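First the structure, in the form of C-alpha cells, and then the observations on it.
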Number of protein chains: 2
Amino acid sequence: MPLSTADRSVVEPVIRRLSALRPLSSEARALLEYALLEGLQRAGSGEDLIAEGDPVDAVRVLLSGWLGRYKMLEDGRRQIVNFIFPGESCDAHAYLLSEMDHSIVALTPAVYAEIKRARFESLLANNPTLSEAFWCETLLSSAIQREWAINLGRRVALERVAHLFCEILERLRPVGMVDGNSCLMPVTQMDLADATGLSVVHLNRTLQELRAAGLVVLRERTLTIPDLDALKNAALYSPSYLRLYRTTEAVR
Amino acid sequence: MPLSTADRSVVEPVIRRLSALRPLSSEARALLEYALLEGLQRAGSGEDLIAEGDPVDAVRVLLSGWLGRYKMLEDGRRQIVNFIFPGESCDAHAYLLSEMDHSIVALTPAVYAEIKRARFESLLANNPTLSEAFWCETLLSSAIQREWAINLGRRVALERVAHLFCEILERLRPVGMVDGNSCLMPVTQMDLADATGLSVVHLNRTLQELRAAGLVVLRERTLTIPDLDALKNAALYSPSYLRLYRTTEAVR
DNA sequence: CAATTTGAGTAACCTATGCAAAGGCGCGCT
DNA sequence: AGCGCGCCTTTGCATAGGTTACTCAAATTG
C-alpha cells in the first residue's frame, strides 16, 4: 500500500549506509532520495514482501522496521538466513537471476521503498559510484551470510545467540539506531530461534543463561549490553566480516 | 607456482559455466581464455590460496580440483562455508571490499588462474555481458550460501549430508564432471564434517546410515547415487536455488 | 621393508539440544 | 470488566550428536 505522508527524513538511513560504503555526490544522493520517495510502501508484521519462486521485478530498500530473509523446508521448519535492517536493501541485483530462492518477511511493521527494475538500472547507469555502493552492499551481505554459516555450524547455543546480539548492535549502529549499547529488539523469541537454528525453548533457556551471566539485559523489547567486550568474548566474535564497513568508510 | 605446460582445454569448465549464465560472444571467450592462460597456478592439497585478513588484489578462477571457503574460530573449530568447483571463481569482485573475511584452501591439488585486479577490470569494462556473467556467478554463490544456512540450521545430520551430496552432483554436472550419477569425491571425511557442521565421528556414522539405507555408495573416492530422487527426498531437497542455473541457461 | 602418517571405522559415555505440555502475563477486542 | 490470544517462561524427559580413545588398513616416507 502506498504511503501518503512522505517525510523526506525517512530515507536518511539509506543515504547514511550507502555513503559509508562509497562517497556519494550530492547529485547522486538527491536522485536516489527522489527514487526512494516515489515508491514508498508499508508492510504489516508477518507480511511477506516477496516469496520464494517469485520473479523479481523491483528492488526494495528498507526504511524502518526489521525484515527477515528466510527459507522453509516442506515440513515447516524455517531458517531465517539473515536480518535486514533500516537502510539496507533486499535484493539490489536479484533481478539478474530468474526468481527468488528465498522469501522476505516483515518481522515488525515496516516501511520500505520499491524501485522498479528499469528505474533502478537507469539510476545506476548514470552513477557509477552509486552503482558500486550498491554492489558493495551486496558483497557485505554475502560476508554476513558466511559468518552466519559458521555461527550455525560451529558455535554452541550460547555463543550463537551472543554472536547474533553483537552483530545486531554493530549493524544497527551506523544507522544511528543504537543508544550507548542499547537497541530496540522488536522480534519474538521464535524469530531469534529461527535465526540461530535453535528451538524456541532452547533459545529461551539460552537467554536465561545470558541474563544470569550478566551478559545481556533484555526486557520490554529493549536489548542492553552492559559489557560489550565481555559479550564479544563469550561469542568468539571476530569483527573482520563487519570491519569491511568501517575500513571502506575510512577511505571515504 | 606458475605452470609451464598450458593446454588450452584446461579453461573449458570456466567457459562452459559462464556461458551457461550469459551468452558470451566468441570474442569475449577468446579474451577470457587468454587472460586465464596467462596466470596459471598450482596449489598443493592443504595449501591456502588466500587467508582471512589478506588484501585482495586478484581474482582467482578454479580450473581443476576442489577448493573450500572456510572460516575458523580462535579455538580451532573450522566451518567450510562453501565448496568451489572447477569453472567457478573464488571472489570475482571481492576487491571491492577491503580485505578477505574468510580463507580459501585447496582441498585437493588444484590448478587455477589468477587475474590481477586491473587486468580483470579492463577485461570486464569492454565486455558488459561477460561482466554480467561474473556478477551472476557471485549472486549464485550467495544463493548457495543461503541454502547452506538452512542446511546447517534446520536439517538433521542425515538430511544435511544427503543434501550436500545432491548439491555437489548438481553443481558438478554442468561442467561435465558427473558420469551418470557418479562423481569423484576427493575430500576427506573431516572436510565433509566441517562442511556439514558435524564431528568427524558423527559424519562417519551418518555415512554408514546412508549406505545402509542404500542411498549412497561411497568407495575408492567415488560417490555413486543409485537413486537420486530417493536421496533428494531424504534430503528435503528443493532445487529452486540451483534452478537459477538452468533457467538463465534456457534464456540463452 | 620397517617406520610413520593419514584416513576410515567402532564403541562407550556424556551433554547439548529438541520436544511436549502447561501456566502466566500482557494486550487488544467486545 | 472479561475474554482470547500471542508471547514468554518453565519443567521433565528423550535423543541427536559430541568427545575421547582405540583399532585397522592403506598410503607415504626413509
Side-chain angles (χ1 to χ4, degrees), chain A residues 44-47 66 68 73 75-79 105-109 151-164 184-213 216-223 234 236, chain B residues 44-47 66 73 75-79 105-109 151-164 184-213 216-223 234:
Chain A
S45 187
E47 195 178 311
W66 286 26
L73 299 182
D75 63 5
R77 277 175 277 175
R78 178 179 77 150
Q79 177 68 41
V105 66
L107 299 171
T108 71
N151 209 32
L152 292 166
R154 285 303 183 213
R155 273 185 261 252
V156 299
L158 191 116
E159 294 162 350
R160 267 188 233 183
V161 179
H163 189 278
L164 180 63
L184 222 61
M185 177 63 71
V187 298
T188 68
Q189 295 195 357
M190 175 97 146
D191 295 329
L192 293 176
D194 283 347
T196 49
L198 302 171
S199 66
V200 203
V201 174
H202 198 60
L203 177 96
N204 183 277
R205 277 201 282 248
T206 307
L207 241 31
Q208 307 303 335
E209 211 179 325
L210 280 167
R211 277 195 266 247
V216 317
V217 179
L218 185 53
R219 54 161 193 263
E220 289 156 24
R221 323 228 108 192
T222 301
L223 171 71
L236 297 185
Chain B
S45 188
E47 194 178 315
W66 287 26
L73 299 181
D75 63 5
R77 277 175 277 176
R78 178 179 78 150
Q79 177 68 42
V105 66
L107 297 172
T108 70
N151 208 33
L152 293 166
R154 286 303 184 213
R155 272 186 263 252
V156 300
L158 189 117
E159 294 163 351
R160 270 187 229 181
V161 179
H163 189 278
L164 180 63
L184 222 62
M185 175 64 70
V187 298
T188 67
Q189 295 195 357
M190 174 97 144
D191 296 328
L192 293 176
D194 282 347
T196 49
L198 301 171
S199 65
V200 203
V201 173
H202 197 62
L203 178 95
N204 183 279
R205 279 199 283 246
T206 307
L207 241 32
Q208 305 305 333
E209 210 179 326
L210 280 166
R211 278 195 263 247
V216 316
V217 178
L218 183 53
R219 51 159 197 266
E220 289 155 26
R221 322 228 108 190
T222 300
L223 170 71

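Since this is a predicted model, take the numbers as computed values, not measurements. So that the names make sense, note that chain A is the first sequence line, chain B the second, and so on, each numbered from 1.
No donor-acceptor distance shorter than 3.5 angstrom exists from the side chain of R154(A) to the backbone of Q79(B), with no hydrogens or angles considered. The main-chain N or O of L73(A) is never found under 3.5 Å from a side-chain atom of R155(B) such that the two would form a donor-acceptor pair.
Among the protein residues, V200(A) comes within range of no part of the nucleic acid, since none of its heavy atoms lies under 4.0 Å from any strand. Backbone-only engagement by R211(A) is indicated by non-hydrogen atom pairs under 4.0 Å involving sugar-phosphate atoms exclusively. When heavy atoms are screened at a 4.0 angstrom cut-off, L207(A) is found touching no nucleic acid atom at all. Nucleic acid contact for G46(B): none, since no nucleic acid atom lies under 4.0 Å from a heavy atom of the residue.
Rounded to whole Å, the distance from CZ on R155(A) to C1' on dA16(C) is 17 Å. Rounded to an integer number of Å, the gap from CD of E220(A) to P of dC8(D) is 14 Å. Atom-to-atom, CE of M185(B) to C1' of dA8(C) comes out at 15 Å; the value is rounded to the nearest Å. Between the CG atom of L203(B) and the P atom of dA16(D) there is a distance of 17 Å, rounded to whole Å. For the pair Q189(B) CD and dA26(D) P, the computed distance is 15 Å after rounding to whole Å. Going from atom CZ of R160(B) over to atom P of dG17(D) covers 7 Å, rounded to whole Å. Atom CG in L107(A) sits roughly 17 Å away from atom P in dG6(D) (whole-Å rounding). Put simply, CZ on R154(B) is 10 Å from C1' on dG18(C), counting in whole angstrom units.
The nearest heavy atom of DNA chain C to V201(B) and to T188(B) marks one nucleotide each, and the one closer to the 5' end goes with T188(B).
H163(A) NE2 to L152(A) CG: the interatomic distance, rounded to the nearest 0.5 Å, is 10.5 Å. Distance CZ/R160(B) to CG/L203(B): 10.5 Å, rounded to 0.5 Å.
Considering only side-chain N and O atoms, R205(A) lies nowhere under 4.0 angstrom from the phosphate OP1 or OP2 of dT15(C). Proximity of N204(A) to the phosphate of dC8(D): no side-chain N or O atom is located under 4.0 Å from OP1 or OP2.
Side chains of H202(B) and R205(B): a donor on one and an acceptor on the other come within 3.5 Å.
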